[in-house]
*Asks:* 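This structure is in structure tokens; I'll ask about it shortly.
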Amino acid sequence: MDEPRARIVKRAALELREGMNINLGIGLPTLLADYAEGLQGVMLQSENGLLGSARIRRPVRRMPI
């Protein structure tokens, strides 16, 4: 992990407390899981993201006006 990202994640990890429920979102917040080791009862929930979260829709055909 590059230095700026590591600094951000380490700082956010200081906010983790035992028994917390944490929605990690997408991207950088998912790295917090590496710092939750040793905390009891921490529930980590993560988003699917944009890719793989739903089936691909076919384009809608529209009639010209």
*Asks:* As an exercise, state the distance from CD of Glu15 to CD1 of Ile22, rounded to the nearest 0.5 Å.
*Replies:*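 Between Glu15 CD and Ile22 CD1, I get 10.5 Å after rounding to 0.5 Å.
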*Asks:* With sequence neighbours excluded, tell me which residues meet salt bridge (charged side-chain N to carboxylate O under 4.0 Å, His left out) with Arg17.
*Replies:*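 For Arg17, no residue satisfies salt bridge (charged side-chain N to carboxylate O under 4.0 Å, His left out) once neighbours in sequence are set aside.
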*Asks:* Can you list the residues that meet the side chain to side chain contact (heavy atoms under 4.5 Å, CB included) rule with Ala13, with sequence neighbours excluded?
*Replies:*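 Partners of Ala13 by the side chain to side chain contact (heavy atoms under 4.5 Å, CB included) criterion, ordered by chain and then number, come out as Leu16, Leu32, Tyr35.
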*Asks:* Are any non-hydrogen side-chain atoms of Arg11 and Arg7 less than 4.5 angstrom apart?
*Replies:*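 They are not in side-chain contact.
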*Asks:* Check side chain to side chain contact (heavy atoms under 4.5 Å, CB included) between Glu18 and all other residues, then give those that pass, not counting sequence neighbours.
*Replies:*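 Checked Glu18 against side chain to side chain contact (heavy atoms under 4.5 Å, CB included); matches are Leu39, Gln40.
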